[in-house]
Undergrad: 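Please find one structure pasted underneath; my questions will follow.
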2 protein chains.
Amino acid sequence: MVKITDVARHAGVSPSTVSYALSGKRPISEETRRRVEDSIRELGYRPHAGARALASSRSNVLALVAPLRTGIHVPVVMQFAVSVVTTARRHDHDVLLLTQEEGEDGLRRVADTALVDALIVMDVQLHDPRLPLLRDLDRPSVLIGFPAEPDGMTCVDLDFRAAGERCVEHLARLGHRTVALVGSPPEVYVRRTAFAQRVVQGFTGAADRAGMASSVHPCEASPAAARRAAERLLREQPALTGVVVHNEAVLEPLIDAFEQLGLRVPGDLSVTAICPDELAASLRVPVTSVALPSAELGERAVGLLMRKLDAGGEPVPGATLLPPRLTERASTAPRAAPGA
Amino acid sequence: MVKITDVARHAGVSPSTVSYALSGKRPISEETRRRVEDSIRELGYRPHAGARALASSRSNVLALVAPLRTGIHVPVVMQFAVSVVTTARRHDHDVLLLTQEEGEDGLRRVADTALVDALIVMDVQLHDPRLPLLRDLDRPSVLIGFPAEPDGMTCVDLDFRAAGERCVEHLARLGHRTVALVGSPPEVYVRRTAFAQRVVQGFTGAADRAGMASSVHPCEASPAAARRAAERLLREQPALTGVVVHNEAVLEPLIDAFEQLGLRVPGDLSVTAICPDELAASLRVPVTSVALPSAELGERAVGLLMRKLDAGGEPVPGATLLPPRLTERASTAPRAAPGA
DNA sequence: TTGAAAGCGCTAACAC
DNA sequence: GTGTTAGCGCTTTCAA
């Protein structure tokens, strides 16, 4: 194994000069830098990660805690993970993958052993048991999602409440007066996952303010459940003309079900969704949607973490709520004249 | 930060004794072990990962290279990753997540810096450019998938050729004489991904041997493409009564398309798939399938890697091909009497 | 069964 | 602008 002293000897400089040439933490003459770089290349030198971590107390590794529970759309998690890894690499960091099941012990372990410098935690619950722990750790962390009491934490998320509002407003503007929200599976609400609740709040609030009739329906992630939801909606709200879907897994089967029940989308029923843009755009009837910006969330999370790791940096904002972006597609249209 | 010397002092022993008590690499008297363990607990001691890695030249971290290209079913990747992380933890290892995009440089980097002890590489191509590199690294690796020339490598995969055969044999036994394979998206074949090709070989070989008429149709991962494939199949093979689907994304829409074209499953058309069991079992018409055992593959891969890391261990098998397990469900039935 | 001590390869304070 | 050197916290010989 080639080590820093080998490079130093080969380049005719001291080990610290090699180290500084690599880190840029002190000025090096152009001439020396070139010699060092040549030697590094020639010898194929790679600094030993463990030695580095020990000497600098920085591992340059981030922990990512990924959720794998039911009710969470897998591609979204994956896309987010990819974005985190990619962004971390741009900042010269690697990513250690932890599963939710590892739980609080896992977080404590990777932090206390100095395996990682910082942590990203996804799928935060309203009253997440990991919060006290994260506050207690001596390493910075960023949450994807908002707990009920985010004090002292750094949180990033889509503004789900605004997203719910945005969908309703869009439908209101098109003249719809009766709307329904088809939401996440019941267990997501039972766990009191923050984002699902916020969509409901935004949806209901906006509907109330606009004087619209509204209802909310959690829905399992299966085509059969979608079908049942569709039937129930039409039965309970015969005047229904606008639907907001916050459930990736049932978006397509739900539209199918509506059409099989004799309703044209968007002719009879306008549908909007909160979901990844690729999903909304790829359906048979491209769906008007508020984007779930996984990639941007990942970038933001890593960016914030990097700022927190910068000793000298100014404090980072506690809350980053990405404003909803609604893209109009083929699934929404003005309400047909009643009786027309 | 509590360090090993603090524990040693507190327990009234030497640092090496603490180290050995932790690693079990030499016998410790019951009495001493208890004292050490008490001190560790009392002080909340956690060995520093970097220091450990430096002194022992073992990081206890595995690299997992996950594919994110198009044509790969995301939930399968995710399930596999989870299984790798979970199994690795059982062996006291953590998992570093690398994206395919990092490419060969990424592999070389994490190996050469001693960030990881070993590597797991998914989505191996028939002529994978990473193979020479992996052979060259001084760290063990395991491939998920089989390259054309697996010499000297350790590979794990479902026996896709046998899986293709198994599906055809099942259909043959039910009396079907004309079969079609709806396969992965074209780009998967263009990349010459090993597993996709092998299914085709198994499928075609078994059909030929049984004297069945057969055809193969790559298919994009969209409902529209599924619909087109269904129409084309019926047009080109009017006698078709058996279909094998090796494409998670289109399994459901394909069945829908067949039924909309007036064919009952399994009445007129028997359908089998190669896909995760959960997917096959969850469809409206539960599908007879050969399971894609992501979880078991992940376990196997980690298990093999651990054996390779055991200095004293005997050599591990180069090839591990999991035999196909076919589960009969509601989508296959004996061929209806012709003209009935 | 235990202890002493020499590294592991790097960083960063200190000195020039 | 560069060199010297003392650690970083642990593992593992070597010695008892």
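All chains are named by letter (A, B, ...) in the order of the sequence lines, taking the proteins before the strands, and each is independently numbered beginning at 1.
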Undergrad: Taking any heavy-atom pair under 4.0 Å as a contact, classify Ser16(B): base, sugar-phosphate, or nothing.
TA: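 Counting heavy atoms under 4.0 Å across all strands, the contact made by Ser16(B) includes a base.
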
Undergrad: For a quick test of your reading: what N or O donor-acceptor pairs under 3.5 Å do the side chains of residues 298-314 of chain B make, sequence neighbours left out?
TA:
unit_1	atom_1	unit_2	atom_2	d
Arg300(B)	NH2	Glu296(B)	OE2	3.3
Lys308(B)	NZ	Ser141(B)	O	3.0
Lys308(B)	NZ	Thr154(B)	OG1	2.6

Undergrad: Between the base of dG3(D) and the side chain of Arg26(A), is there any donor-acceptor pair under 3.5 Å?
TA: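 Side chain to base: pair found, below 3.5 Å.
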
Undergrad: Between Leu96(A) and Leu115(A), is any pair of side-chain heavy atoms under 4.5 Å apart?
TA: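 Contact flag for Leu96(A)/Leu115(A) side chains = yes.
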
Undergrad: Can a side chain N or O of Lys3(B) be found less than 4.0 Å away from OP1 or OP2 on dC10(D)?
TA: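 So the side chain of Lys3(B) is outside the cut-off, no N or O lying under 4.0 Å from OP1 or OP2 of dC10(D).
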
Undergrad: Given that Tyr20(A) and Met1(A) both sit by DNA chain C, which one's nearest nucleotide is further toward the 5' end?
TA: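 Result: Met1(A).
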
Undergrad: Roughly how many Å is it from CZ in Arg33(A) to P in dT2(D), rounded to a whole number?
TA: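 Result: 10 Å.
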
Undergrad: In this structure, how many angstroms lie between the P atom of dC8(D) and the CG atom of Asn60(A), rounded?
TA: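 Atom-to-atom, Asn60(A) to dC8(D), this comes out as 20 Å.
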
Undergrad: Using a cut-off of strictly less than 4.0 Å, decide whether Ser29(A) has a side-chain nitrogen or oxygen near OP1 or OP2 of dT2(D).
TA: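 Answer yes for this pair, as a side-chain N or O of Ser29(A) is under 4.0 Å from OP1 or OP2.
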
Undergrad: Measure the distance from CD1 on Ile28(B) to P on dT12(D) and round it to the nearest whole Å.
TA: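 Those two atoms, CD1 and P, are 13 Å apart.
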
Undergrad: Mind jotting down which residue pairs meet the salt bridge (charged side-chain N to carboxylate O under 4.0 Å, His left out) criterion with at least one end in residues 75-95 of chain B? Sequence neighbours excluded, please.
TA: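 Pairs touching residues 75-95 of chain B that pass the test: Glu102(A)-Arg89(B), Arg109(A)-Asp94(B), Arg89(B)-Asp94(B).
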
Undergrad: Just the rounded figure in Å: distance from P of dT2(D) to CD of Glu31(A).
TA: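 So the CD-P distance, Glu31(A) to dT2(D), works out to 9 Å.
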
Undergrad: Are Ser56(B) and dT11(D) close enough that a side-chain N or O sits under 4.0 Å from OP1 or OP2?
TA: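 No, outside the criterion.
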
Undergrad: Do you see a donor-acceptor pair shorter than 3.5 Å between the side chains of Thr32(A) and Ser29(A)?
TA: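 A pair is found: one side chain offers a donor N or O, the other an acceptor, under 3.5 Å apart.
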
Undergrad: Is any side-chain N or O of Tyr45(A) closer than 4.0 Å to OP1 or OP2 of dC10(C)?
TA: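 Yes, within the criterion.
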
Undergrad: Rounded to whole angstrom units, what separation is found between the NZ atom of Lys25(A) and the P atom of dA13(C)?
TA: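 Between P of dA13(C) and NZ of Lys25(A): 9 Å.
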
Undergrad: Can a side chain N or O of Thr5(B) be found less than 4.0 Å away from OP1 or OP2 on dG9(D)?
TA: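 For dG9(D), OP1/OP2 do not have a side-chain N/O of Thr5(B) under 4.0 Å.
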
Undergrad: Give a yes or no answer on whether the side chain of Glu149(A) reaches the backbone of Pro147(A) with a donor-acceptor pair at less than 3.5 Å.
TA: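 Not a single qualifying donor-acceptor pair exists.
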
Undergrad: Using only side-chain N and O atoms of Ser19(A), determine if any of them is under 4.0 Å from OP1 or OP2 of dT11(C).
TA: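 For dT11(C), OP1/OP2 do have a side-chain N/O of Ser19(A) under 4.0 Å.
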
Undergrad: Can you tell me how far C1' of dC10(D) sits from CZ of Arg52(A), to the nearest Å?
TA: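 It works out to 20 Å between those atoms.
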
Undergrad: Starting at atom CZ of Arg9(A), determine the distance to atom C1' of dG3(D), rounded to an integer number of angstrom.
TA: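 The answer, rounded to whole Å, is 15 Å.
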
Undergrad: Could you state the CG-P distance from Leu54(B) to dG7(D), rounded to the nearest angstrom?
TA: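 Checked: the CG to P distance equals 17 Å.
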
Undergrad: When you measure from the side-chain N and O atoms of Thr17(B) to the phosphate of dG3(C), is any distance below 4.0 Å, counting only OP1 and OP2?
TA: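 Affirmative; the distance criterion is met.
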
Undergrad: Within less than 4.0 Å of OP1 or OP2 of dT2(D), is there a side-chain N or O belonging to Thr32(A)?
TA: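 Yes, because at least one side-chain N or O of Thr32(A) sits under 4.0 Å from OP1 or OP2 of dT2(D).
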
Undergrad: Picking from dA12(C), dT12(D), dG3(C), which would you name as closest to the side chain of Ser14(B)?
TA: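 Among the listed nucleotides, the one closest to the side chain of Ser14(B) is dG3(C).
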
